[in-house]
Amino acid sequence: MSFKVIVDWDLCQDHGQCAFAAPEVFHIGDDGTMVVLVEEPDEALRSKVEDAADVCPVQAIRIQG
Amino acid sequence: MGGQRVLVVGAGLAGLRAAEGLRAHGYTGDITVVGDEAWAPYNRPPLSKEALHGDLAHEKLAFRVRSNAADVTWRHGVAATHADLAARLVRFDDGEVMGYDALVAATGVRARRLQIPGPPQTAAARRHVIRTLDDAVGLRAGLVPGAKVVVLGAGFIGCEVAATATTLGCEVHCVAIDPYPMVRPLGPELAAELQRRHEKHGVTFHLGVGVAEFVGDHHVTDVVLTDGTRLGTDVVVEALGSRCNDEWLDGNGLDLDDGVLTDTALRPVRDGAPVDGVAVVGDLARFPNLRFDDRALRVEHWSIPTDTGRRAGAVLAAYLAGDGYADAVAARWDVLPSFWSDQFDIRLQSYGMPGLADADGIRVLEGDLSDECVVGYHRGDELVGVVGVGMLRVVNGYRDRVGHPVVG
Ligand SMILES: Cc1cc2nc3c(=O)[nH]c(=O)nc-3n(C[C@H](O)[C@H](O)[C@H](O)COP(=O)(O)OP(=O)(O)OC[C@H]3O[C@@H](n4cnc5c(N)ncnc54)[C@H](O)[C@@H]3O)c2cc1C
Ligand code: SF4
């Protein structure tokens with residue numbers, strides 16, 4: 001089982017808080033912008049990704065499925 | 001376990017996170033969240049930033065609710081008027097009285113108003129505050145190009161509103177009793193630098209002065225300062241800090257000096273002893289944060305509702321289950337306060353409690369004050385806070401060095 005991570009790139013301001021909550025899935029690259037490492041993470045990561053979505057100041061992260 | 005009820009008073013971020021936290025920790029009984037605003041919980045920081053010159057629609061600002069909390073009962077537009085913690089009852093302004101097995105106090109703060117005679121404290125009289133979506137909608141209507149805007153208070157929210165209004169083409173004056181904008185959390189050097197940047201963008205500051213008078217009958221036409229300066233105005237924004245929404249808890253013997261004093265399990269304290277089955281979360285809570293010391297402080301940062309909501313969920317779920325309560329209460333818990341602010345092209349990111357620093361404990365750690373930098377705030381040898389001006393990746397790297405983390 002997996003689920004889908006959807007980032008609203010119009011909203012995302014590269015705060016990077018998501019990368020602290022779920023480093024397996026969200027990563028801040030050398031240029032300071034955020035990249036999603038795994039678009040459909042394993043179920044085991046759901047709670048961490050939910051934590052990441054919680055702490056995004058602009059609420060740019062959605063979880064589908 | 002059926003038949004239990006958790007009552008959450010205050011339908012903001014902290015109330016939402018507490019409800020989700022209860023579910024995450026296995027509580028399956030009823031959760032009812034009652035709030036006095038008409039809206040489901042929404043994100044406040046954009047109200048002084050991007051949303052103020054963009055989209056102020058509730059659906060754009062509303063928080064995603066975790067699927068585990070889909071069955072929570074929400075009641076909007078109803079205010080708690082009195083809680084009786086001994087009888088476990090809360091009275092509401094629609095006449096209803098609700099009992100509970102556990103109570104979460106999440107009523108946050110409201111904007112402080114200047115108590116100076118003048119036109120009424122309403123948007124129609126052009127006297128604005130900015131705490132709620134309705135406040136922001138009322139303010140936005142006045143922020144038209146060329147409008148003369150007087151912002152009272154030069155804290156983070158005042159400076160954000162000043163920046164946003166300037167960007168929208170308004171002529172902005174910012175008035176504060178402090179010697180520099182944002183000086184209390186940031187210290188004089190960084191504050192003076194940020195003042196210069198605001199001035200470069202066209203904001204005029206009046207510092208070290210107060211307000212003597214609001215002139216006008218139906219609406220404010222001029223603001224007179226204590227040094228005699230008279231500022232003609234179309235829009236006044238009072239950004240003078242906050243007052244806690246704690247009146248509904250009066251009469252229960254709690255310490256309500258500045259929000260509600262709690263222990264590290266977020267239980268309110270009465271006569272030195274914690275009240276079981278009650279948790280205080282978010283802006284309203286004055287709690288000891290062992291990352292720094294055991295002094296209880298209130299922290300009005302966006303990160304706190306999530307941290308305290310989760311903690312309250314864990315403690316109350318164990319309390320209601322009658323299982324593991326002592327362990328949940330005793331669990332080591334600390335939080336790293338995190339705060340950001342956007343003003344013009346400046347992104348400030350703060351971790352920790354810079355306000356705890358010694359007066360001579362503030363030093364630039366990286367970069368250059370006149371450009372991008374990271375400033376460190378020290379209490380003795382301890383790094384109690386860092387603030388990044390830009391340099392997001394660098395300041396993020398300091399997170400683990402701030403205070404003394406007690407949980408991994
Ligand atoms: C304009 C603005 C900009 C901000 N910008 C930032 C920022 O950039 N960075 C940052 O870290 N933080 C920022 N903050 C602070 C952050 O938004 C708050 O810390 C956070 O909203 C606190 O959440 P809360 O749930 O504790 O309180 P609130 O969000 O205030 O929720 C409390 C709710 O309870 C309701 N209520 C009050 N009394 C009663 C009653 N008697 N009965 C029922 N309901 C009641 C209130 O109306 C409100 O809906 C900003 C705040 C504002 C207002
Ligand atoms: S926390 Fe939000 S804004 Fe920041 S990088 Fe992650 S998605 Fe983007």
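All chains are named by letter (A, B, ...) in the order of the sequence lines, taking the proteins before the strands, and each is independently numbered beginning at 1. Keep in mind the model is a prediction, meaning the values are calculated, not measured. Reckoned from all heavy atoms, side chains included, excluding hydrogens, waters and symmetry mates.
Ranked by heavy-atom pairs shorter than 4.5 Å toward chain A, the options B:Arg347, B:Lys60, B:Glu20, B:Lys49 are led by B:Arg347.
Under the 4.5 Å side-chain criterion, counting only non-hydrogen atoms from C-beta, B:Asp342 is in contact with A:Gln13.
Within the 4.5 angstrom heavy-atom criterion, only side-chain atoms of A:Gln17, from C-beta onward, approach chain B. At a 4.5 Å heavy-atom cutoff, B:Phe339 makes no contact with chain A through either its backbone or its side chain. With a 4.5 Å cut-off on non-hydrogen atoms, A:Ile61 touches chain B through its backbone but not through its side chain. With a 4.5 Å cut-off on non-hydrogen atoms, B:Asp307 does not touch chain A at all.
In this structure, B:Asn43 contributes its side chain and A:Gln59 its backbone to no donor-acceptor pair below 3.5 Å.
Paired with B:Arg393 under the rule salt bridge (Lys or Arg N to Asp or Glu O under 4.0 Å), one option of A:Asp30, A:Asp31, A:Asp14 passes, and it is A:Asp30.
To the nearest 0.5 Å, atom CG of residue A:Asp54 and atom CZ of residue B:Arg310 are 5.0 Å apart. The OG atom of B:Ser338 sits 9.0 Å away from atom NE2 of A:His15, with the distance rounded to the nearest 0.5 Å. For the atom pair B:Arg64 CZ and A:Cys56 SG, the distance stands at 10.5 Å (nearest 0.5 Å). Rounding to the nearest 0.5 Å places CG of B:Leu336 at 9.0 Å from CZ of A:Phe20. Here the CG atom belonging to B:Leu392 is positioned 7.5 Å from the CD1 atom belonging to A:Ile28, to the nearest 0.5 angstrom.
When all heavy atoms of A:Pro57 and B:Trp302 are compared, the closest pair comes out as CA-CH2, 3.7 Å.
Heavy-atom neighbours of B:Arg399 CZ from other residues, nucleotides or ligands within 6.0 Å: above the threshold of 12.
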